[in-house]
Amino acid sequence: MGDERSRESPAPAEAQMQAGAEGGGRVSRCCWKCSVTQLKKIFWGVAVVLGVCSSWSGSTQLAKLTFKKFDAPFTLTWFATNWNFLFFPLYYLGHVFKSAEKQSPKQRYRECCRFFGDNGLTLKVFFTKAAPFGVLWTLTNYLYLHAIKKINTTDVSVLFCCNKAFVFLLSWIVLRDRFMGVRIVAAIFAIAGIVMMTYADGFHSHSVIGIALVVGSASMSALYKVLFKLLLGSAKFGEAALFLSVLAVFNVLFVTCIPVILYFTKVEYWSSFAVVPWGNLCGFSILLLTFNILLNFGIAITYPTLISLGIVLSVPVNAVVDHYTSEIVFNSVRVIAIVIIGLGFLLLLLPEEWDVWVIKLLTRLKVRKKEEIPEGNGDITSGLPNKSRRTRPSMSSFAH
């Protein structure tokens with residue numbers, strides 16, 4: 001009977017080995033799945049970074065090219081903002097192809113409208129929660145485009161990176177976010193870079209005005225993000241798409257009168273519609289729309305930090321283009337300013353618990369070094385002959 005039981009059921013040691021093997025197999029499968037998922041995220045992250053970089057630098061360069069034939073930055077801002085209306089239709093197409101439970105456009109719209117409150121998107125909500133952001137959106141883009149007329153695209157793109165430092169300062173003051181010393185250092189870098197960039201051109205009037213316009217654009221962008229978090233909180237993908245489409249509606253209804261006034265007052269005037277470079281206008285709008293889509297919805301497929309890197313990488317791209325197409329002078333002051341602002345931007349990408357991770361990493365390295373030292377001493381002494389151990393004293397006995 002004892003032999004039969006031993007054949008039918010494994011011994012405790014064998015059972016533990018089998019359980020360990022099964023557990024190890026499960027762990028290895030989980031690790032394999034995690035690694036594949038991370039690799040996919042990194043792959044999509046590289047694709048999104050390249051998309052963000054190319055769309056942002058491409059729209060900046062195309063805007064510069066457009067102003068040579070069509071000197072109307074506010075009209076270009078108005079025209080490009082109207083394309084935001086495509087956000088919700090594009091999101092709904094993605095919902096139809098991806099979601100298992102498909103909803104009608106009306107049902108999806110009503111569900112996304114809950115973001116604005118229990119009553120949905122009412123007229124009062126439109127003017128109190130959507131209209132202010134429409135104004136900030138228009139100011140951000142107009143100041144950015146107007147700055148491109150004054151200074152080169154390299155300076156514009158690198159100075160706009162300061163908006164992340166402004167977001168941190170406003171979040172710290174208004175939203176009472178966690179204080180981080182490294183981000184204060186990054187904000188100081190951003191301010192120092194702005195001053196050095198102004199000094200690089202010798203404080204000429206056109207460069208000072210251009211830099212002030214970019215800093216104003218970055219400030220409006222930071223105010224937009226902080227107020228959005230303060231008044232509306234966080235939004236899901238459908239809610240964000242609907243909100244951006246609502247901004248286009250506000251642009252059509254209430255901002256259209258401004259380009260008309262500028263046209264008839266001849267502030268932004270063109271002789272006929274045949275002269276308007278529609279290809280450049282549509283190309284700029286498509287690139288800007290692509291940039292905003294990747295910026296808002298790219299986090300669904302990759303890490304947010306990788307998306308932000310695309311904005312930084314647009315700076316060297318614009319620098320290369322400016323080097324061959326304009327008379328930009330990369331003196332030492334300008335290069336140092338670009339490096340300082342870029343370094344500040346990268347410091348702002350550090351997670352909130354980065355210091356905890358660094359401390360853990362350092363403690364692990366110290367523990368490994370302590371473990372390696374006695375093991376190494378044991379290997380050396382074990383390899384010495386027995387005779388030498390008896391006749392010669394150890395060198396460690398003479399150490400102080």
Side-chain angles (χ1 to χ4, degrees), residues 73-96 99 103-146 163 166-167 170-171 174-175 216-263 281 284-286 288-297 299-300:
F74 195 93
T75 305
L76 182 59
T77 302
W78 171 83
F79 183 80
T81 305
N82 290 334
W83 288 64
N84 280 8
F85 185 79
L86 296 174
F87 266 101
F88 190 74
L90 290 173
Y91 161 76
Y92 182 74
L93 287 175
H95 164 74
V96 169
S99 180
Q103 296 177 328
S104 65
K106 193 174 182 180
Q107 289 174 336
R108 199 64 194 161
Y109 170 78
R110 286 180 177 176
E111 188 172 333
C112 293
C113 275
R114 294 176 185 173
F115 171 69
F116 295 99
D118 297 333
N119 297 325
L121 184 60
T122 61
L123 197 63
K124 181 182 177 181
V125 170
F126 179 80
F127 282 107
T128 56
K129 292 187 177 181
F133 293 101
V135 174
L136 290 174
W137 180 281
T138 303
L139 286 174
T140 299
N141 289 279
Y142 170 68
L143 293 173
Y144 185 85
L145 291 174
H146 197 66
N163 77 317
F166 299 156
V167 168
L170 284 173
S171 300
V174 178
L175 302 178
S217 175
S219 303
M220 292 297 106
S221 174
L223 187 61
Y224 175 97
K225 293 175 182 177
V226 173
L227 282 180
F228 188 93
K229 193 173 181 180
L230 178 66
L231 300 177
L232 300 172
S234 59
K236 298 177 182 177
F237 295 118
E239 296 166 350
L242 178 62
F243 184 81
L244 291 169
S245 295
V246 169
L247 294 185
V249 174
F250 170 81
N251 187 68
V252 172
L253 295 177
F254 298 100
V255 185
T256 305
C257 59
I258 298 178
V260 175
I261 293 170
L262 294 176
Y263 174 79
L281 264 68
F284 169 78
S285 303
I286 291 170
L288 193 61
L289 179 68
T290 305
F291 170 76
N292 286 311
I293 288 173
L294 293 173
L295 207 64
N296 286 279
F297 306 131
I299 55 174

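Computed from a predicted model, the values in this text were never measured in an experiment.
The shortest non-hydrogen separation linking Phe127 to Pro132 is O-CD, 3.5 Å. Contact record, Thr77 with Thr81: O-OG1, 2.7 Å, taken as the closest heavy-atom pair. Summarising the geometry of Ala222 relative to Phe166, their closest heavy-atom pair is CB-CB, 3.6 Å, with the distance given to 0.1 Å. Nearest heavy atoms, Ser217 versus Thr140: OG-O, 2.7 Å. Summarising the geometry of Phe243 relative to Lys129, their closest heavy-atom pair is CE1-O, 3.9 Å, with the distance given to 0.1 Å. Across Leu143 and Gly216, no two heavy atoms sit closer than the pair CD1-C, 3.7 Å.
Taken to the nearest 0.5 Å, the CZ atom of Phe79 stands 12.0 Å off from the CG atom of Leu288. Between atom OG1 of residue Thr128 and atom CG of residue Leu231 there is a gap of 9.0 Å, rounded to the nearest 0.5 Å. With rounding to the nearest 0.5 Å, the separation of CD1 in Ile293 from CD1 in Ile286 is 10.5 Å. A distance of 9.5 Å separates SG of Cys257 from CG of Leu262, quoted to the nearest 0.5 Å. Separation of atoms CG (Leu90) and OG (Ser245) is listed at 8.5 Å; rounding is to 0.5 Å. Expressed to the nearest 0.5 Å, how far CZ of Phe116 lies from CD of Glu239 amounts to 8.5 Å.
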What do the steps show when you test Asn292 against Phe87 for side chain to side chain contact (heavy atoms under 4.5 Å, CB included), and what is the final call? CA-CA 9 Å; Asn292 286 311; Phe87 266 101; 3.6 Å; yes
Side chain to side chain contact (heavy atoms under 4.5 Å, CB included) between Leu244 and Trp137, worked out: CA-CA 10 Å; Leu244 291 169; Trp137 180 281; 3.7 Å; yes
Val125/Asn119 under side chain to side chain contact (heavy atoms under 4.5 Å, CB included): CA gap, chis, key distance, verdict: CA-CA 9 Å; Val125 170; Asn119 297 325; over 6 Å; no
Apply side chain to side chain contact (heavy atoms under 4.5 Å, CB included) to the pair Tyr263 and Thr75, showing each step before the final yes or no. CA-CA 9 Å; Tyr263 174 79; Thr75 305; over 6 Å; no
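Residues Val255 and Phe74 are in side-chain contact: their nearest non-hydrogen atoms beyond the backbone lie under 4.5 Å apart.
Formation of a donor-acceptor pair under 3.5 Å by the Tyr142 side chain with backbone atoms of Trp78 is not found in this model. Under the 3.5 Å distance criterion, the side-chain polar atoms of Ser221 are left unmatched by any main-chain donor or acceptor of Asn163. Under a 3.5 Å cut-off, the side chain of Asn251 and the backbone N or O of Leu247 do not form any donor-acceptor pair.
Ring orientation note: the planes of Phe133 and Phe228 are nearly perpendicular, at an angle over 60° on the 30°/60° scale. Ring planes of Phe88 and Tyr109: perpendicular class, angle over 60° (limits at 30 and 60°).
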